Peer 1: 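To start, I am sharing the structure in question, which I have written as structure tokens.
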2 protein chains.
Amino acid sequence: MNEIIKALKSARLEKKLKQSELGGKLGLPQSHISKIEQGATDPRLSTVTDMARLLDLELVLVPRAMLPAIQAMIRGEREEQTPRWQLDEEADR
Amino acid sequence: MNEIIKALKSARLEKKLKQSELGGKLGLPQSHISKIEQGATDPRLSTVTDMARLLDLELVLVPRAMLPAIQAMIRGEREEQTPRWQLDEEADR
DNA sequence: ACAATAAATATGCTATAGCATATTTTTATG
DNA sequence: CATAAAAATATGCTATAGCATATTTATTGT
């Protein structure tokens with residue numbers, strides 16, 4: 001499944017929006033959001049950018065060479081809820 | 001004009017590819033590349049991702065909050081041809 | 001288990017992306 | 001300039017995105 005579509009679906013869920021709500025804001029029927037999220041359709045660029053922006057995301061073209069660095073940067077965000085590591089001693093005290 | 005489309009066109013020129021060559025690799029007629037670059041058509045997501053990859057680019061979804069940081073990072077690359085600043089003394093000697 | 005709500009599917013229709021081919025216009029080069 | 005090459009436009013056709021509406025299939029809550 002397409003990475004971008006997957007990310008858009010996650011973002012929608014993260015924001016606790018229903019397909020019908022997102023569709024409403026976009027002027028698309030819920031059925032269409034469903035098809036897009038299912039990968040049952042190959043949406044137009046404008047549809048994807050509009051959807052992204054409603055979810056506080058932006059579509060960007062990145063040189064492949066710097067992809068890992070940028071993805072790490074993006075992962076960095078949000079995950080500061082649960083630390084990724086912890087000192088051996090004194091943990092949880 | 002759409003930023004992504006603009007970036008794709010720049011990348012094609014940077015790589016010194018003709019519309020017909022890019023189209024050839026993609027299995028699209030030159031006329032279609034022209035329409036896309038002119039903004040005369042709203043291409044499908046798959047068309048844009050395919051085109052990007054042939055140009056060593058990847059389409060990525062970025063949280064709007066970190067857009068400036070990431071764009072700075074991207075600008076950083078490649079521009080090491082002409083330095084952005086220079087010491088007052090001893091310049092060009 | 002039932003009712004209510006959300007999500008996924010289905011269908012028929014319209015608009016348009018994309019294909020193939022041909023022509024015109026623009027840009028380089030001698 | 002003239003000529004060649006590249007890019008932009010044009011046209012007719014096919015495939016499919018997207019719209020509207022309706023139905024079916026999960027999910028969730030009581």
Side-chain angles (χ1 to χ4, degrees), chain A residues 1-64 67 74 78-79 81-82, chain B residues 1-64 67 74 78-79 81-82:
Chain A
M1 158 75 81
N2 186 318
E3 287 305 314
I4 287 174
I5 299 300
K6 253 195 284 186
L8 286 176
K9 176 165 187 177
S10 304
R12 175 179 66 80
L13 295 173
E14 196 95 12
K15 287 211 160 13
K16 303 205 190 300
L17 286 171
K18 307 171 195 170
Q19 291 182 334
S20 55
E21 291 171 331
L22 181 58
K25 295 191 190 206
L26 269 163
L28 303 186
Q30 172 274 331
S31 65
H32 201 232
I33 306 290
S34 168
K35 279 189 199 164
I36 292 173
E37 288 186 353
Q38 241 64 52
T41 201
D42 187 359
R44 300 185 181 164
L45 178 59
S46 65
T47 304
V48 175
T49 43
D50 291 352
M51 196 178 293
R53 287 179 182 153
L54 279 175
L55 296 167
D56 294 310
L57 297 171
E58 187 73 28
L59 210 47
V60 170
L61 228 31
V62 169
R64 280 172 97 66
L67 230 180
I74 293 175
R78 171 153 343 275
E79 318 219 341
Q81 318 145 350
T82 326
Chain B
M1 158 76 82
N2 187 316
E3 286 305 313
I4 288 174
I5 299 300
K6 253 195 285 187
L8 286 176
K9 176 166 186 177
S10 304
R12 175 180 65 80
L13 294 174
E14 197 95 14
K15 288 211 158 22
K16 302 206 191 299
L17 285 172
K18 306 170 195 170
Q19 291 182 334
S20 55
E21 289 171 332
L22 182 57
K25 294 192 193 204
L26 270 163
L28 303 185
Q30 172 272 331
S31 64
H32 201 234
I33 307 289
S34 168
K35 280 188 198 164
I36 292 173
E37 288 186 352
Q38 242 64 52
T41 202
D42 187 358
R44 300 186 180 161
L45 178 59
S46 65
T47 304
V48 175
T49 43
D50 290 352
M51 196 179 292
R53 286 180 183 152
L54 278 175
L55 296 166
D56 293 310
L57 297 170
E58 187 74 28
L59 208 48
V60 170
L61 229 30
V62 169
R64 279 172 98 66
L67 229 181
I74 293 175
R78 174 159 335 280
E79 320 219 339
Q81 318 146 354
T82 328

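Chain naming here is simple, since letters A, B, ... match the order of the sequence lines and numbering starts at 1 in each. Keep in mind the model is a prediction, meaning the values are calculated, not measured. Every heavy atom of this structure was used, including side-chain atoms; hydrogens, water molecules and symmetry mates were not.
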Peer 1: Strictly distance-based, threshold 3.5 Å: is any side-chain N or O of B/R12 a donor or acceptor partner for the main-chain N or O of B/L17?
Peer 2: yes
Peer 1: At 4.0 Å (heavy atoms only), tell me whether B/G27 reaches a base, stays on the sugar-phosphate, or touches nothing.
Peer 2: sugar-phosphate
Peer 1: Enter the distance from A/K35:NZ to A/H32:NE2 here, rounded to the nearest 0.5 Å.
Peer 2: 6.5 Å
Peer 1: Could you tell me how far apart A/M51 (CE) and D/dA17 (P) are, to the nearest whole angstrom?
Peer 2: 13 Å
Peer 1: Closest approach to the side chain of B/T47, judged atom by atom: which nucleotide of C/dT5, C/dG18, C/dA8 is it?
Peer 2: C/dG18
Peer 1: Measure from CD on B/Q19 to P on D/dA5 and round the result to the nearest Å.
Peer 2: 17 Å
Peer 1: Assess the residue pair A/L61 and B/L59 against the criterion (side chain to side chain contact (heavy atoms under 4.5 Å, CB included)); give the C-alpha distance rounded to whole Å, side-chain angles, the decisive distance to 0.1 Å, and a yes or no.
Peer 2: CA-CA 5 Å; A/L61 228 31; B/L59 208 48; 3.3 Å; yes
Peer 1: Grab the NZ-C1' distance between A/K15 and C/dA6 for me, whole Å please.
Peer 2: 20 Å
Peer 1: For A/S10 and A/K6, indicate whether the former's side chain and the latter's backbone hold a donor-acceptor pair under 3.5 Å.
Peer 2: yes
Peer 1: Please tell me if B/K9 has a side-chain N or O lying less than 4.0 Å from either OP1 or OP2 of D/dA8.
Peer 2: yes
Peer 1: Between A/R44 and C/dG18, does any side-chain N or O lie under 4.0 Å from OP1 or OP2?
Peer 2: no
Peer 1: Would you mind reading off the distance between B/L22 atom CG and D/dA8 atom C1', rounded to a whole angstrom?
Peer 2: 16 Å
Peer 1: Between D/dT25 atom C1' and A/Q38 atom CD, what is the distance in whole Å?
Peer 2: 12 Å
Peer 1: Could you check A/Q30 against B/P29 and say which one's nearest nucleotide on DNA chain C is further toward the 5' end?
Peer 2: A/Q30
Peer 1: Of the non-hydrogen atoms in A/N2 and A/I4, which two are nearest, and what is the gap between them?
Peer 2: OD1-N, 2.7 Å
Peer 1: To the nearest Å, give me how far apart NE2 (A/H32) and P (D/dA22) are.
Peer 2: 19 Å
Peer 1: For B/L28, answer base if it contacts any base atom (sugar-phosphate contacts may also be present), sugar-phosphate if it contacts only those atoms, and nothing otherwise; contact means non-hydrogen atoms under 4.0 Å.
Peer 2: sugar-phosphate
Peer 1: Expressed as a whole number of angstroms, how long is the span from A/D42:CG to D/dA15:C1'?
Peer 2: 12 Å
Peer 1: Atom CD of A/E37 to atom C1' of C/dA6: distance rounded to whole Å?
Peer 2: 12 Å
Peer 1: Mapping B/S31 and B/T41 onto DNA chain C by nearest heavy atom, which one lands closer to the 5' end?
Peer 2: B/T41
